[in-house]
Structures are given as C-alpha cells and as structure tokens.
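One is the number of the first residue; the rest follow in order along the sequence. What you see is a predicted model; the values in this text were computed from it and never measured.
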Amino acid sequence: MNILIKSATIIDSKSEFHNTTQDILIENGVITNIGNQLKNPKNYQEITLENLHISQGWFDSSVCFGEPGFEERDTIANGLKTAAASGFTAVAMNANTHPILDTSSDIEFVNTKAKNHAVTLLPIGALTKDGKSEDLAELYDMTRAGAIAFYDYQKPVGNPNLLKIALQYAMNFGGLVCSFPQENKIAGLGVMNENITSTSLGLKGNPTLAEELQVARDLFLLEYTGGKLHIPTISSATSVALIREAKKKKLDLTCSVAIHNLYFTDDVITDFNTHFKVLPPLRTKTDVEALTEGLKDGTIDMVTSDHNPIDIEHKKIEFDYAANGTIGLESAFGALQTLFTLKKTIDLLTKGKSRFGLEQTPINIGNKVNITLFNPDTKYTFTTKNIISKSKNSIFENETLKGNVYGIISNNQISLN
C-alpha cells in the first residue's frame, strides 16, 4: 500500500508533528516521510479531503457483533465494516454470542472470521463457562488462542470467591479480568434508574446502590489478590469516588464509561422509547457530572460505545420486556465532540490500547501507519441513514452531533467511506 496524504492536520500528542498540517507519504504500510508539499514522483494514490484531520487509530474496548449465533443482529464482517466507517482501527469484541465464547476453539473461530481486515478484532473470552458464573472458563487456553481479556458481558460474577480465584489464577499469565458492576439482588427487576422519573412512569428502578456495592466488593477483592481488574461501564458518582480512592493504593485497576451514560440522563425516558433502555441504566445529572470529571482527572481510563446491536423483535416491544442495549460505533465520535474539545475527544478514543495489549502507533516517520481520518467541524442530525449496523437500535437517533469520519488506514489497508 503506497499513498500520499495531502494537507492533513495531525492530532497526536505523541507525535512531533502534533497540531501541524502536513503531507504524509506512506510506502508499504510505513510512514516514510512527513513534510510540507511533498512530491509524488512515483505517482502514488493521493488522498485529498476537505478539512482533513488525522490521529492515531481509535480503539473501542467493548463491542458486540452477534456472530456466532445472533447473525440477525449483526455479523463480524459487517461489524468490522461499521467499525472502520466509524473511525476505529481496533475493537475488543465481547463474548455476547451463542454459543458464548468460552473455549480456545471459539476464540480461533472469531479470529479466523476477522482475518485480513483493516480493523483489528480483539476477542474477549467469557470469564465463566457459558457465562453462568459457576465455574471458570478455559482462561489460559483462550489466552493462547488470542483472547485479550475475560468478561461475562453485562453479567455480574455473583460468587465473590469465584472472582477472587479468577484474579489469582489470571495473574500467572497476565490475564485481564473484567467484572460487570451490578449486584443483581439489589438491581432486581429494575429496567431504568431508580429515581423520580422511574416513579412517575411506573417503571421498576435499578438503584445506583446495586452498582456501588459490587464495585466496592470487587475493589476489596482486587486489593486482597493483587490481580489485574477492569471494571467496564460504570455509571454512578459514588463508583467514580470509590475507584478514585482505590487508585491511590496503586492497584492494577482500570475502568470505562459508556458514551451514552455521559450524554443522556434518565429524564429523557418520557415516552417509553426502548432505545433508551441500556445497562447500566441512564442515571442523573449529578452522576453524569461526576463521570465527566472522572474522565478529566484520569480516574476513568477510557470511553466505550458499548456497541450492542439488538434485533427489532427484542426492541420494538413494551419497555419492561425490551432487551438492554444500543448500537454506538457510528455515533461515538460525533457524540463525544458535543461534550469535549477535539483534543480530549481524540485522547479518549485512543486511550485504553495498552490495557488490552495494543501498541501505541504515533504518527512519526518510520512507524507503521495506523490512523483515523476525519473532519471535526461538520454538524449533522444522526438518523438511520448514518447507521451501517444491521440492527438500528441507536440511542442517538435524531441527536445533533459534530464531526464526520472519512475512514481509516490500518493493517496495510485503506478503508474510506
């Protein structure tokens, strides 16, 4: 792959060309020159786009694609196409499948499906067999097959001793254990945040206490074991405070927040629109402010789209019975740009790589090219026309977002919209 990118503004704090507009020469997948008005004597393909900006390739630590088992929701091939069009050069795929990815052969199947794509797919294996929170899955064997972490997607580990053993066992091979922050006995049958809005709508509430008890428990277990823990998609102010204090103890701990939990509050649920039914549920303004502050001060390590396609049969029904989940890859950049500066948005979209075994690839001469191309200044209304996923369950439908993704260059491939 040989190309010349013309007049691109580089947004990469790790690059010596940060905040400058340059031409970038790429030969055989490697950046061989960066400068002003570079010549093109070998007649390489040139990329010239309006208000072109580039950054290191973006990473999402939590996506679901359905396959195997839920291909009606989405497939791996279309999921990776969606990720590329949304600016992501790497995604970590949850074991939210049927059968659940809990063996080395399952991980090998996923890797085979994702082979030779511009987007790197990083499979997350199930933490427990069949995701039932009874016995540990084949963690070491899955690691050898390419699993980069272990997580029963949106299913809490009910048995604290099982999580303790998982943390201790995974230490032997550097495995990353993920624990969903919810105590089911407290959450009960709650379908949205327990607050005045749930009361007025007559819907059962899921209190922040359910999350906070689980976070506190897991932090005690981590301190005891000395293991390696990631807490995905926290949503409450108290969770942020608990994790902030735990990090002062230098525990091997990271956490994430879903972009929609930064953007919306529970008071948007007024007409029982099931697009807003997510897990963890949308919380209050106080929680959103604490989550935002947690991102700014580094308590929260990364954001995720928590992309979860749900077929129409499980969304277009009564709120109580609808499945949790929203797609989010296509709207991630545009939503973040309405909340943060461009610099902070790019920082959030490129953080978390090292935690999941990916190398940073600064935009410097001599490095392999792994970049996202975008225009940060366009504004538009997000509609189903912007959705590439097979499922259309977007919480951001009809929202005004900012920024247009042109595509990615990664794995020695060009994928432009």
Kindly compute the distance separating CG (L253) from CG (L229), expressed to the nearest 0.5 Å. 6.0 Å
May I ask you to test the C178-L127 pair for a side-chain heavy-atom distance under 4.5 Å? no
Centroid-centroid distance, Y263 to F396, less than 6.0 Å: yes
Do K277 and N324 touch side chain to side chain, with heavy atoms closer than 4.5 Å? yes
Could you walk me through whether D287 and T284 pass side-chain hydrogen bond (donor to acceptor under 3.5 Å, both in side chains), step by step? CA-CA 5 Å; D287 294 308; T284 67; 2.9 Å; yes
Determine, stepwise, if the pair T378 / N375 fulfils side-chain hydrogen bond (donor to acceptor under 3.5 Å, both in side chains). CA-CA 7 Å; T378 56; N375 178 349; 5.0 Å; no
So which atom in P123 and which in I107 form the shortest heavy-atom distance, rounded to 0.1 Å? CG-CG2, 3.7 Å
Tell me, do I54 and T9 make a side-chain contact under 4.5 Å, heavy atoms counted? no
Evaluate the side-chain proximity of S391 to I310: yes if any heavy-atom separation is below 4.5 Å, no if none is. no
Is any side-chain heavy atom of L52 less than 4.5 Å from a side-chain heavy atom of I5? yes
Hey, what do you get for CG (L329) to OG1 (T82), rounding to the nearest 0.5 Å? 7.0 Å
Which distance, rounded to the nearest 0.5 Å, do you find between the CD1 of I346 and the OG of S13? 10.5 Å
Report the C-alpha separation of V91 and L122 in whole Å, then their side-chain angles, then the decisive distance to 0.1 Å, and conclude whether the side-chain contact (heavy atoms from CB on, under 4.5 Å) test is met. CA-CA 6 Å; V91 294; L122 305 169; over 6 Å; no
Say you draw a straight line from CZ of R244 to SG of C255; how long is it, rounded to the nearest 0.5 Å? 10.0 Å
Distance check, rounded to the nearest 0.5 Å: I148 atom CD1 versus M142 atom CE? 11.0 Å
Determine, for D130 against K132, whether the closest basic-nitrogen to carboxylate-oxygen distance falls under 4.0 angstrom. yes
Have S389 and E330 got a donor and an acceptor in their side chains that come within less than 3.5 Å? yes
Take atom NZ in K368; do more than 12 heavy atoms of anything else shown fall under 6.0 Å from it? no
Can a salt bridge be assigned to the pair D267 and R283 using a cut-off of 4.0 Å between side-chain N and carboxylate O? no
Side chain of H314, backbone of I312: donor and acceptor closer than 3.5 Å? no
Under 3.5 Å, side chain of N111 to main-chain N/O of A145, donor-acceptor pair present? yes
When you measure from the side chain of K379 to the backbone of T400, do you find a donor-acceptor pair of N or O atoms at a distance under 3.5 Å? no
Return the orientation label for the F65 and H307 ring planes: parallel under 30°, perpendicular over 60°, tilted otherwise. perpendicular
State whether the side chain of T238 and the backbone N or O of E212 hold a donor-acceptor pair below 3.5 Å, judged by distance alone. no
Quick one: does any side-chain atom of T274 pair with a main-chain N or O of K315 as donor and acceptor, under 3.5 Å? yes
Looking just at side-chain N and O atoms, do D297 and T299 make a donor-acceptor pair shorter than 3.5 Å? yes
Does some side-chain heavy atom of N51 sit less than 4.5 Å from a side-chain heavy atom of P376? yes
Output yes when K296 and E293 qualify as a salt bridge under the 4.0 Å nitrogen-oxygen rule, no when they do not. no
Quick check: are there more than 12 heavy atoms from other residues, nucleotides or ligands sitting under 6.0 Å from OH of Y44? yes
Checking side chain to side chain contact (heavy atoms under 4.5 Å, CB included) against I327, which of S305, S394, C64 comes through? S394
Just checking K6: does its NZ atom have more than 12 heavy atoms from other residues, nucleotides or ligands closer to it than 6.0 angstrom? yes
With side chain to side chain donor-acceptor pair (under 3.5 Å) as the test, pick out the partner of S410 among T361, T372, N370, T120. N370
Less than 4.5 Å apart, side chain to side chain, heavy atoms only: is that true for I34 and I31? yes
Taking the six-membered ring for Trp and the single ring otherwise, decide whether the centroids of F356 and F59 are under 6.0 Å apart. yes
D218 side chain to V215 main-chain N or O, any donor-acceptor pair under 3.5 Å? no
Step-by-step salt bridge (charged side-chain N to carboxylate O under 4.0 Å, His left out) determination, K39 to D23: CA-CA 9 Å; K39 302 297 183 182; D23 293 349; over 6 Å; no
Over 60° means perpendicular and under 30° means parallel, so tell me whether Y380 and F382 are parallel, tilted or perpendicular. tilted
K353 and E359: CA distance, side-chain angles, deciding distance, salt bridge (charged side-chain N to carboxylate O under 4.0 Å, His left out) verdict: CA-CA 7 Å; K353 290 184 177 183; E359 292 183 8; over 6 Å; no
Per the side chain to side chain donor-acceptor pair (under 3.5 Å) rule, which among H18, Q360, Q56 passes with D12? Q56
Within a radius of less than 6.0 Å around NZ of K81, do more than 12 heavy atoms belonging to other residues, nucleotides or ligands occur? no
F150 vs F173 aromatic rings, parallel, tilted or perpendicular, using cut-offs 30° and 60°? perpendicular
Measure from the side-chain N and O atoms of Q182 to the backbone N and O of P280, and report whether any donor-acceptor pair falls under 3.5 Å. no
Any donor-acceptor N/O pair, N206 side chain to N193 backbone, under 3.5 Å: no
Is a salt bridge present between R355 and D252, judged by a nitrogen-to-oxygen distance below 4.0 Å? yes
Keeping the roles fixed (side chain from N308, backbone from G325), state whether a donor-acceptor pair exists under 3.5 Å. no
Indicate yes or no: at least one non-hydrogen side-chain atom of L401 is less than 4.5 angstrom from one of T381. no
Step through the shown structure and confirm whether more than 12 heavy atoms of other residues, nucleotides or ligands are within 6.0 Å of CZ on F109. yes
May I ask you to say whether R144 pairs ionically with D141, meaning some side-chain N is under 4.0 Å from a carboxylate O? no
Side-chain polar contacts of residues 69-77 - donor-acceptor pairs under 3.5 angstrom, sequence neighbours left out - could you list them?
from : atom 1 : to   : atom 2 : distance (Å)
E71  : OE1    : G69  : N      : 3.2
E71  : OE2    : G69  : N      : 3.2
R73  : NE     : D311 : OD1    : 3.1
D74  : OD1    : N78  : ND2    : 3.0
T75  : OG1    : N78  : N      : 3.1

Charged N to carboxylate O below 4.0 Å: is that the case for K113 and E67? yes
Ring centres of Y406 and F374 under 6.0 Å apart? no
Measure the spacing between CG of L121 and OG1 of T112 and express it to the nearest 0.5 Å. 11.5 Å
As a test of understanding, state which of R217, K247, K249 forms a salt bridge (charged side-chain N to carboxylate O under 4.0 Å, His left out) with E223. K249
Please check this pair: side chain of K115 against backbone of V110, looking for a donor-acceptor N/O pair closer than 3.5 Å. no
